[in-house]
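See structure below.
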Amino acid sequence: MENEKIARYFNEIADILEIRGENPFRIRSYRNAARTLEDMSENAASLVGEGADLTKLPGIGGSIADKIKEIVKTGKLTFLHDLKKELPSGLPELLKIEGIGPKKVKLFYEKAGVSSIDRLEKAARAGKLHGLFRMGEKSEEKIIKAIENYRKGAGRFRLDIGFTYARAITDYLKPLKGVGELISAGSLRRRRETIGDLDILAICAKKSAPDLMERFVKYDDGEEVIAHGSTKSSIRLTGGLQVDLRVLEKKHFGAALLYFTGSKAHNIALRKRAQGMGLKVSEYGIFRKEKMIAGATEDDSYRSLKLPWIPPELREDRGEIEAAEKGKLPDLIELKDIRGDLQMHTTASDGKNTIEEMARAAKKLGYEYIAVTEHSKAVKVAGGLDEKALAAHLKLIDKANARLSGIRVLKGVEVDIMGDGTLDLKDSILKECEVVIAAIHYKFNLSEKEMTKRIIRALQNRYVNIMGHPTGRLVLEREPYPVNIEEVIKTAVNEGVVMEIDAHPSRLDLNDVHARMAKEMGAKLSIDTDAHAASQLELMQYGVFTARRAWLTKKDVVNTHPLKKLLAFLNR
DNA sequence: GCCGTTTTCGGCCCGACTGTTTTCAGTCG
């Protein structure tokens with residue numbers, strides 16, 4: 001059973017308890033436990049199977065540990081089942097409507113018989129809500145609008161899309177007089193694979209702030225002004241993305257950046273730590289009583305809490321504060337550490353550029369090598385190569401190398417893993433390749449057991465070097481195929497196969513949690529763009545972001561090796 | 001419901017904005 005599923009049980013409990021108005025700290029406990037489950041790399045069900053002590057996990061005590069065991073063993077949770085009986089099933093969903101919290105849900109249910117989103121909409125349109133406690137006509141309008149937005153499913157956006165929006169809006173705000181630095185904080189700065197909104201922080205003289213806010217709420221691409229205050233405003237763009245702008249003075253910059261970068265969990269952990277030291281942390285600074293002792297920079301903010309600066313990618317409360325405390329933060333990999341790209345396609349299959357064009361583009365990026373890895377014949381739609389075509393293609397790579405200087409093109413292939421775990425091409429041709437990536441493009445609908453067995457068999461082929469986009473997921477579009485990734489990584493470690501982080505922002509596969517698990521299990525990783533055009537080689541940065549979020553250092557990633565060392569590694 | 005370098009009981013992060021109010025509750029991040 002997936003951790004996410006268990007986490008969902010606890011979030012449901014929290015929702016229902018909130019609506020019932022129970023002790024907020026008890027509710028938070030359930031949410032904390034859910035988050036622990038979502039973030040941890042080990043599988044909770046496996047831990048239960050091994051008889052591990054779950055109360056060792058943060059935020060999980062005796063009561064919740066028992067509930068986890070019950071869920072794992074029976075697939076059900078009596079406590080939740082009983083809770084659900086007491087309220088209409090549509091109530092928790094109402095919490096997803098912007099501006100509606102547990103108190104309103106309770107109010108609407110008890111005083112207006114609202115038990116679902118449809119009924120809420122009807123009640124709002126019929127004017128049956130104003131007159132209730134602190135409810136006016138404007139509140140009804142907001143609810144109708146919020147329900148429309150919810151139905152549109154604005155949801156989350158891919159990181160690369162987020163960057164595009166962020167750049168456009170900061171370019172728009174920058175020319176205004178009095179505006180200093182403009183920084184996109186939030187999940188974008190932490191380089192999460194998706195973002196829920198944009199948090200833009202502006203350093204601005206006090207007297208220019210109103211003008212900045214005025215300009216912001218009039219942004220061309222804005223569809224709706226959600227809030228318009230003197231230090232904080234929010235708009236929704238036509239595409240559905242919410243953008244928050246926060247204005248602060250320079251002396252608060254560090255504390256503000258820290259606060260708005262998050263994550264929320266990281267901030268809460270910092271604040272708890274501060275409390276223990278007799279300090280208080282807010283977006284304005286770090287305070288002892290009324291006196292501000294730090295906050296101008298992130299560095300001095302962390303230092304006042306007796307911590308080194310923590311890279312934004314690590315700020316998820318996944319152990320970074322403890323590591324920082326002990327001076328054991330990883331020396332994270334950087335884009336400049338990458339010396340080559342080991343997965344890409346050319347015009348020989350479904351790419352847009354030739355071998356030489358790809359090589360020259362890679363050389364411009366400062367690379368020493370690339371591997372050209374066409375699809376194999378099973379991927380018919382992409383013009384995959386059979387043994388004969390691949391043999392001819394490898395000769396073309398030799399010829400290209402003869403003409404090129406300052407960069408080496410490695411002979412590679414992205415060979416498909418068939419349904420039974422055999423490979424789409426014969427060993428005799430794989431043997432001729434310097435880089436063999438094995439990957440799945442078909443038959444996703446196997447059981448977890450079959451899929452795991454299939455992949456393990458493929459990784460046992462002696463010529464396979466890299467497991468390509470190992471879970472097959474597409475960000476926001478397709479769930480991963482069912483697979484026991486722990487078993488796959490274990491096999492990869494034993495067989496000397498590298499686990500890939502496919503850097504394309506629509507894949508990022510492995511993801512951060514799995515890549516960290518791979519590192520901890522002793523696997524090596526590669527970060528490859530899977531570029532289908534020369535311009536896409538620049539997507540490497542997204543893979544590096546994910547690697548950083550996975551705590552990877554230069555030495556965990558094989559394509560940081562110089563060519564010689566890489567070749568030695570591949571010829572294991 | 002969880003947690004403990006002062007605690008096994010009594011805490012549990014902090015502040016802005018909105019809509020409704022004459023001082024604040026609710027929601028959000």
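Reminder, nothing fancy here: chain letters follow the sequence lines and each chain counts from 1. Owing to the predicted nature of the structure, the values given are computational and were not obtained by experimental measurement.
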Within the structure provided, determine whether [X] and [Y] are in side-chain contact (heavy-atom separation under 4.5 Å).
X       : Y       : value
D199(A) : L188(A) : no
E313(A) : E320(A) : no
N3(A)   : E38(A)  : no

Length of the [atom1]-[atom2] vector between [X] and [N], whole Å:
X       : N       : atom1 : atom2 : result
R273(A) : dC13(B) : CZ    : C1'   : 16 Å
L107(A) : dG19(B) : CG    : C1'   : 14 Å
N32(A)  : dC3(B)  : CG    : C1'   : 11 Å
E141(A) : dT18(B) : CD    : P     : 15 Å
Q242(A) : dC28(B) : CD    : P     : 10 Å
Q275(A) : dC14(B) : CD    : C1'   : 10 Å
L57(A)  : dC2(B)  : CG    : P     : 12 Å
K106(A) : dT27(B) : NZ    : P     : 12 Å

State which of [options] makes the closest approach to the side chain of [X].
X       : options                   : result
K103(A) : dA16(B), dG26(B), dC24(B) : dG26(B)
K280(A) : dG15(B), dA25(B), dG29(B) : dG15(B)
R271(A) : dG15(B), dT20(B), dC14(B) : dC14(B)
I64(A)  : dC17(B), dC2(B), dA25(B)  : dC2(B)
Y30(A)  : dG15(B), dG1(B), dC13(B)  : dG1(B)
R26(A)  : dT20(B), dG1(B), dG15(B)  : dG1(B)
D244(A) : dG29(B), dT27(B), dC17(B) : dG29(B)
K67(A)  : dG29(B), dG1(B), dG19(B)  : dG1(B)
S230(A) : dC17(B), dC2(B), dG15(B)  : dC17(B)
S29(A)  : dG1(B), dG15(B), dC17(B)  : dG1(B)

So what does [X] hit on the nucleic acid, given a heavy-atom distance under 4.0 Å: a base, only sugar-phosphate, or nothing?
X       : answer
G262(A) : nothing
P102(A) : sugar-phosphate
S233(A) : nothing
L95(A)  : nothing
I60(A)  : sugar-phosphate
E137(A) : sugar-phosphate
I97(A)  : sugar-phosphate
K138(A) : sugar-phosphate
L270(A) : nothing

Say you pick atom [atom1] in [N] and the same atom in [M]; how far apart are they, in whole Å?
N       : M       : atom1 : answer
dC2(B)  : dT8(B)  : C1'   : 12 Å
dC28(B) : dT20(B) : P     : 16 Å
dC13(B) : dC17(B) : P     : 23 Å
dT7(B)  : dG11(B) : P     : 14 Å
dA16(B) : dG1(B)  : C1'   : 29 Å
dG19(B) : dC12(B) : P     : 31 Å
dG10(B) : dT6(B)  : C1'   : 13 Å
dT21(B) : dG29(B) : P     : 25 Å

Determine whether any donor atom in the side chain of N23(A) lies under 3.5 Å from an acceptor atom in the base of dG1(B), or the reverse, and answer yes or no.
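Per atom types, the contact qualifies.
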Would you kindly check whether a donor in the side chain of Y259(A) faces an acceptor in the base of dG15(B), or vice versa, at under 3.5 angstrom?
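No pair found.
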Quick one: does NZ or CZ of K111(A) land under 6.0 Å from the six-membered ring centre of F133(A), within 45 degrees of the ring axis?
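No.
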Would you please test R516(A) and M521(A) for side chain to side chain contact (heavy atoms under 4.5 Å, CB included) and show each step?
CA-CA 9 Å; R516(A) 186 172 175 190; M521(A) 290 174 68; over 6 Å; no
R315(A) versus S263(A), side-chain donor and acceptor atoms under 3.5 Å:
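No, no side-chain donor-acceptor contact under 3.5 Å.
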Quiz question: by atom type and distance under 3.5 Å, do the side chains of T546(A) and E193(A) form a donor-acceptor pair?
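No, E193(A) and T546(A) have no side-chain donor paired with an acceptor closer than 3.5 Å.
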Residue-phosphate contact under 4.0 Å: S63(A) side-chain N/O, dG1(B) OP1/OP2:
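Checking S63(A) against dG1(B): at least one side-chain N or O falls below 4.0 Å of OP1 or OP2.
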Can a side chain N or O of S234(A) be found less than 4.0 Å away from OP1 or OP2 on dC17(B)?
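Result: no.
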Paired with dC2(B) by Watson-Crick or G-U wobble geometry, both distances under 3.5 Å: which nucleotide is it?
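dG11(B) - that is the nucleotide pairing with dC2(B), both distances being under 3.5 Å.
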Geometric class of the H252(A)/Y284(A) ring pair [parallel <30°, tilted 30-60°, perpendicular >60°]:
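It falls in the perpendicular class, over 60°.
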Angle between ring planes, F10(A) versus Y30(A), binned at 30° and 60°: parallel, tilted or perpendicular?
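Because their plane-to-plane angle lies in the 30° to 60° range, the rings of F10(A) and Y30(A) count as tilted.
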Want to settle it: does G59(A) or K104(A) sit nearer the 5' end of DNA chain B, counting the closest nucleotide to each?
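Result of the comparison: G59(A).
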Of K142(A) and E98(A), the one whose closest DNA chain B nucleotide lies more 5'
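The 5'-side residue here is K142(A).
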